[in-house]
Protein chains: 2
Amino acid sequence: MATLKYSRQRESIKTNLMQRKDHPTADMVYSDIRIEYPNISLGTVYRNLALLTELGEIQKISSIDGPDRYDGQAKPHNHFVCKKCGKIVDVMNTPMDSLMKSMSSDFEGLVEECNITFYGVCKECAQKEGLI
Amino acid sequence: MATLKYSRQRESIKTNLMQRKDHPTADMVYSDIRIEYPNISLGTVYRNLALLTELGEIQKISSIDGPDRYDGQAKPHNHFVCKKCGKIVDVMNTPMDSLMKSMSSDFEGLVEECNITFYGVCKECAQKEGLI
DNA sequence: GTGGGTGCAAACCGTTTGCACACCA
DNA sequence: TGGTGTGCAAACGGTTTGCACCCAC
């Protein structure tokens with residue numbers, strides 16, 4: 001049961017996410033898709049984003065403030081989220097080995113599987129606020 | 001302007017957070033404070049938690065799902081948040097040096113200042129779900 | 001007395017869900 | 001035709017906010 005069926009809406013959402021290089025919110029994707037499918041509903045966008053995330057075809061990124069963001073890049077990688085402006089930057093090649101060592105033994109062997117999100121202040125915002 | 005005035009509500013919230021060793025939600029703090037101040041409102045709790053966070057006296061921790069959590073521990077440290085059960089574990093002594101090297105040069109010198117939150121699946125949940 | 005703090009309730013915002021209809025297989 | 005997907009709108013949960021009153025200074 002619950003066999004996956006084709007839908008052009010889901011296809012369009014996936015394609016949109018794969019093509020763009022930013023990390024849009026559900027609403028930003030919704031705006032884009034509505035150009036091609038004016039009747040699509042925001043609920044459908046959320047449902048498909050959740051489904052694609054579950055399938056591992058996209059990544060969901062939680063922000064500290066504001067709405068969640070999505071990443072169409074298939075290759076697993078991590079993110080840096082700016083607390084001030086919400087900007088998201090891809091972080092590749094995180095040194096997992098040294099991270100692992102610092103984690104309590106409760107989590108040994110598990111961190112490897114995780115998507116890690118770093119929060120902080122990006123250079124631009126730090127300069128604006130005189131933190132740098 | 002905006003001079004900080006004493007309030008026993010804020011004092012009580014701060015004390016409550018400092019004494020406990022878990023990472024409660026605003027609502028959990030609210031429940032506790034109501035024992036001493038039955039008329040306190042949830043809005044006041046949120047206002048004071050935000051204020052204390054801004055003052056750097058407590059830490060706000062964003063969860064992937066569910067409500068934000070708060071940490072009364074003054075010493076800066078990082079967190080591991082379990083995606084499955086929401087459990088939060090303190091992570092001390094993160095190897096910042098190796099992390100820094102892996103970050104893009106856009107953020108060099110800034111990551112050191114950040115609270116980092118690791119997301120993943122805790123050992124217990126991983127065992128429950130057969131991931132381990 | 002003045003201006004910040006509180007309690008209350010309504011509003012807010014992102015997200016989820018129930019339902020009837022549409023469409024893929 | 002059977003069952004999954006959609007559009008719509010209402011509901012939801014956590015959080016914020018406007019307002020009148022209260023209280024620290």
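Within every chain, numbering begins at 1; the chains are lettered A, B, ... in the order of the sequence lines, protein sequences first and strands thereafter.
Rounded to whole Å, atom P of dG14(D) lies 12 Å from atom OH of Y70(B). One atom, CZ of R8(A), and another, C1' of dT4(D), lie 14 Å apart when rounded to the nearest Å. Here the P atom of nucleotide dG14(C) and the OH atom of Y30(A) are 14 Å apart, to the nearest Å. In this structure, R34(B) atom CZ and dT6(C) atom P are separated by 17 Å, rounded to whole Å. One interatomic measurement links the two molecules: OH of Y37(B) to P of dG7(C), which rounds to 10 Å at whole-angstrom precision. Atom P of nucleotide dT6(C) and atom CD of E11(B) are separated by 11 Å, given to the nearest angstrom. Put simply, CD on E54(A) is 12 Å from P on dT16(C), counting in whole angstrom units. Between the P atom of dT15(C) and the CZ atom of R69(A) lies a distance of 10 Å, rounded to the nearest Å.
Of the candidates dG7(D), dC25(D), dG5(D), the closest approach to any side-chain atom of K5(B) belongs to dC25(D). Of the candidates dT6(C), dC25(D), dA25(C), dA25(C) carries the atom nearest the Y6(A) side chain, counting heavy atoms from C-beta on. Closest contact between the side chain of P67(A) and the listed nucleotides dT15(C), dC8(C), dA25(C) involves dT15(C). Listed nucleotides dG7(C), dG5(D), dT15(D) differ in distance to L42(B); the shortest reach to its side chain belongs to dT15(D). Distance from the side chain of Q9(B) is smallest to dT6(C) among dT6(C), dG7(D), dA25(C).
Minimum interatomic distance between T44(A) and Q9(A) (heavy atoms only, all atoms of both residues): CG2-CB, 4.3 Å.
The phosphate of dT6(C) has neither OP1 nor OP2 within less than 4.0 Å of any side-chain N or O from S41(B). Side-chain N/O atoms of S7(A) include one lying less than 4.0 angstrom from OP1 or OP2 on dT6(D). Between T3(B) and dC25(D), a side-chain N or O to OP1/OP2 separation shorter than 4.0 Å is absent. When the side-chain nitrogen and oxygen atoms of N39(A) are compared with OP1 and OP2 of dA22(C), none of them lie within a distance under 4.0 Å.
Within 4.0 Å (heavy atoms only), Y46(B) reaches at least one base atom of the nucleic acid. Residue D27(A) is classed as having no contact, given no heavy-atom separation below 4.0 Å to the nucleic acid. Across all strands, R47(A) comes closer than 4.0 Å to base atoms (heavy-atom distances).
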- Take S12(B) and T15(B) through the side-chain hydrogen bond (donor to acceptor under 3.5 Å, both in side chains) test and state the conclusion after the steps. CA-CA 5 Å; S12(B) 177; T15(B) 303; over 6 Å; no
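To the nearest 0.5 Å, atom OH of residue Y70(A) and atom CD1 of residue I13(A) are 10.5 Å apart. Rounding to the nearest 0.5 Å gives a distance of 6.0 Å between CD1 of I40(B) and CD1 of I33(B).
A side-chain contact (heavy atoms from CB on, under 4.5 Å) with L17(A) holds for exactly one of D32(A), N48(A), D71(A), L49(A); it is L49(A).
In this structure, R34(A) forms no cation-pi arrangement with Y37(A), as its terminal cationic atom is not both closer than 6.0 Å to the ring centre and no more than 45° off the ring axis.
Of the residues near DNA chain D, V45(A) and D68(B), the one whose nearest nucleotide (by heavy atom distance) lies more toward the 5' end is V45(A).
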